[in-house]
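Take a look at the structure below.
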Amino acid sequence: MEEIKVYIVVVLCQLIYGGNNILCKDALNGGMPTTIFAFYRLCFGTLALVPLALVFGRKNAPQLSWKITAKIFFLTLFGVTLILNIFAIGVKFTSSTVTSAISNAIPVVTFTLAVLLRLESVTLKKIRGIAKILGIVFCLAGVLILAFYEGPNLKFVSHHQPFLNGSKNKQGPHSKLEWIIGTFILIIFTIAWPSWVILQGPVLKEYPSKLLLSTLCTFFGAMQSFFVALIAERDFNKWKLHIDDSLLAVLYSGIIVSGLAFYLQLWCLEKKGPVFTAIWQPLSFLVTLACSSFFLGEMIKLGSVLGGLLMVGGLYSVLWGKQRDNLEKTPSTGEEINGQELPVSKNSTNQDHAI
């Protein structure tokens with residue numbers, strides 16, 4: 001029964017993430033400024049995480065000194081405030097399908113950074129080493145296709161807008177330049193996020209509670225994003241939340257994604273490890289691909305599908321190589337033989353959805 005619960009939960013997480021891609025794009029289509037969206041998302045995320053932190057993290061909470069608080073504040077400035085605002089701009093300039101496809105590259109980028117920092121090794125004399133390199137190449141090829149090749153529309157996909165903002169897109173169709181810029185902004189996001197995960201390492205050693213650290217990062221991120229939004233958007237009419245799709249988007253991103261999905265993902269990581277969690281990540285891409293046309297009226301391009309499939313293939317290639325590495329490890333190395341532990345932080349898997 002426990003095994004079935006894990007599979008149900010990991011699938012539910014990917015469905016939640018797929019819905020988040022759709023709703024985020026919908027809110028930005030409706031005219032909500034990216035900085036204000038990031039601010040409200042973090043506000044509701046804080047409201048969702050604080051009860052979890054009080055219930056599950058308060059008993060074993062480490063002491064929070066001024067020095068640690070300052071480190072978390074500046075870590076948040078780069079890892080939450082800057083990155084989430086960049087992410088929102090990338091989503092606005094591209095599509096929900098591209099956003100979901102590129103998210104599959106985050107574990108691969110994390111692995112690449114670990115190789116560059118000599119936290120990981122690649123042995124080209126063995127098949128698993130070749131698989132890792134091929135995974136990186138596939139992801140790079142997928143990015144280039146997403147950015148520079150649109151291809152024909154897929155005619156078999158129906159295009160409806162039953163209740164979302166797809167039929168009233170205030171920003172209009174994307175230009176080719178906006179599409180390319182947006183794609184590479186999302187690539188900057190996929191590089192910046194794993195970099196932030198690596199930077200968390202020293203802070204986690206001093207303040208080892210992941211739940212409380214995430215709650216503090218979300219809280220500081222909301223504070224910082226308020227001032228960013230205040231500088232970027234002086235028209236306070238655009239700050240107003242109305243009972244519409246935009247309110248649904250920020251509530252969903254903040255409460256369901258940052259609260260519920262965050263907790264469920266931690267539970268899955270504890271039960272099965274990051275490799276198991278990561279192999280299900282492409283499911284959110286399929287959900288987004290299926291729903292973006294129906295709910296947002298997005299025209300699904302052949303290039304988006306091909307690029308996404310290449311990135312999924314790259315993800316699985318790297319994960320397979322890592323799994324083979326771990327199977328050859330012995331317990332004395334500090335890694336589990338079943339392949340559940342990675343030398344890269346557990347936070348590196350799927351954390352683009354955690355906050």
So, for Val108 and Cys139, which heavy atoms are closest and what is the spacing to 0.1 Å? CG2-SG, 3.5 Å
If you compare all heavy atoms of Trp239 against all heavy atoms of Glu233, which two are closest, and at what distance to 0.1 Å? NE1-O, 3.1 Å
So how far is it from Leu23 CG to Asp26 CG, rounded to the nearest 0.5 Å? 6.5 Å
Given side chains that start at C-beta, do those of Ile36 and Ser225 come closer than 4.5 Å, heavy atoms only? no
Atom of Val109, atom of Ile191 and distance for their closest heavy-atom approach: CG1-CA, 3.8 Å
Under 3.5 Å: donor-acceptor pair, side chain of Asn85, backbone of Leu82: no
Would you say Val228 ends up clustered with Phe87 if hydrophobic residues are merged whenever their side chains have heavy atoms under 4.5 Å apart, either directly or through other cluster members? no
Donor-acceptor contact present, side-chain Ser317 to main-chain Gly314, <3.5 Å: no
Any chance you could lay out the side-chain contact (heavy atoms from CB on, under 4.5 Å) test for Asn20 and Arg41, step after step, and finish with the verdict? CA-CA 11 Å; Asn20 187 54; Arg41 176 179 179 175; 3.8 Å; yes
May I ask whether Phe37 and Phe236 are part of the same hydrophobic cluster, defined by side-chain heavy atoms of I, L, V, M, F, W, Y residues being less than 4.5 angstrom apart, directly or through others? yes
Where is the tightest heavy-atom contact between Ala261 and Cys13, given as atom of each residue plus distance? O-SG, 4.1 Å
Distance check, rounded to the nearest 0.5 Å: Ile136 atom CD1 versus Thr112 atom OG1? 3.5 Å
Among the clusters formed by ILVMFWY side chains lying less than 4.5 Å apart, do Val50 and Ile256 turn up in the same one? no
From CD1 (Ile185) to OG1 (Thr94), nearest 0.5 Å: 9.0 Å
Any side-chain heavy-atom pair from Val287 and Gln14 closer than 4.5 angstrom? no
Between Ile300 and Ser292, does the side-chain contact (heavy atoms from CB on, under 4.5 Å) criterion hold? Intermediate values first, please. CA-CA 8 Å; Ile300 305 300; Ser292 60; 3.3 Å; yes
Using modelled atom types only, decide if a donor and an acceptor are shared between the side chain of Trp179 and the backbone of Leu146 within a distance under 3.5 Å. yes
Identify the two heavy atoms, one from Ile72 and one from Tyr207, that lie closest to each other, and give their separation to 0.1 Å. CD1-CD2, 4.5 Å
Quick one: does any side-chain atom of Lys25 pair with a main-chain N or O of Lys92 as donor and acceptor, under 3.5 Å? yes
Are any of the side-chain heavy atoms of Lys71 and Glu206 separated by less than 4.5 Å? yes
Look only at the side chain of Thr99 and the backbone of Val91, and say whether a donor-acceptor pair between them is shorter than 3.5 Å. no
Gap separating the CG atom of Leu84 from the CD1 atom of Ile89, nearest 0.5 angstrom: 11.5 Å
I want to check something: taking the side chain as every heavy atom from C-beta on, are Trp267 and Val6 in contact at a cut-off of under 4.5 Å? yes
Could you state whether Val115 and Trp320 fall into the same hydrophobic cluster, counting links through intermediate Ile, Leu, Val, Met, Phe, Trp or Tyr residues with side-chain heavy atoms under 4.5 angstrom apart? no
Flag, side chain of Asn237 to backbone of Lys240, donor-acceptor distance under 3.5 Å: no
Do the side chains of Leu213 and Leu204 get nearer than 4.5 Å, heavy atoms only? yes
Is the number of heavy atoms from other residues, nucleotides or ligands within 6.0 Å of CD1 (Ile243) greater than 12? no
Under 6.0 Å from the CD1 atom of Ile127, do we count more than 12 heavy atoms belonging to anything else shown? no
Report yes or no: do Val11 and Leu319 belong to one cluster of Ile/Leu/Val/Met/Phe/Trp/Tyr joined by side chain heavy-atom distances under 4.5 Å? yes
Close side-chain approach of Cys24 to Ser96, heavy-atom, < 4.5 Å: no
Under the criterion side-chain contact (heavy atoms from CB on, under 4.5 Å), I'd like the reasoning laid out for Leu310 against Leu306: C-alpha separation, chi angles, the key distance, then a yes or no. CA-CA 6 Å; Leu310 276 173; Leu306 290 177; 5.7 Å; no
Using the ring centroid of each side chain, check whether Trp193 and Phe189 are separated by less than 6.0 Å. yes
Regarding Glu3 and Lys272, does a basic nitrogen lie under 4.0 Å from an acidic carboxylate oxygen? yes
Can you check whether Thr46 reaches Thr215 side chain to side chain, under 4.5 Å on heavy atoms? no
Within the side chain of Ser284, is there an N or O that forms a donor-acceptor pair under 3.5 Å with the backbone of Tyr17? no
Of all the heavy-atom pairs spanning Lys132 and Lys322, show the shortest one and how long it is. CE-N, 4.1 Å
Passing candidate, ring pair (Phe, Tyr, Trp, His ring centres under 6.0 Å) with Phe220, options Phe226, Phe78, Phe74, Phe73: Phe73
Within the distance-only criterion (no hydrogens, no angle test), does the side chain of Ser103 pair as donor or acceptor with the backbone N or O of Ser100 below 3.5 angstrom? yes
Report the distance from atom CD of Gln265 to atom CD1 of Ile16, rounding to the nearest 0.5 Å. 10.0 Å
Given the rule in the side-chain contact (heavy atoms from CB on, under 4.5 Å) test, do Phe219 and Leu49 qualify, once you have shown the distances and angles that lead to the verdict? CA-CA 9 Å; Phe219 172 70; Leu49 285 174; over 6 Å; no
Under the side chain to side chain contact (heavy atoms under 4.5 Å, CB included) test against Phe93, which residue among Ile181, Thr34, Ile180, Leu177 passes? Ile181
Taking Tyr40 for its side chain and Leu251 for its backbone only, find out whether a donor-acceptor pair lies under 3.5 Å. no
Within a radius of less than 6.0 Å around CZ of Phe227, do more than 12 heavy atoms belonging to other residues, nucleotides or ligands occur? no
Lys126 backbone acceptor or donor facing Thr123 side chain under 3.5 Å: no
Could you tell me if the side chain of Leu315 sits less than 4.5 Å from the side chain of Phe111, heavy atoms only? no
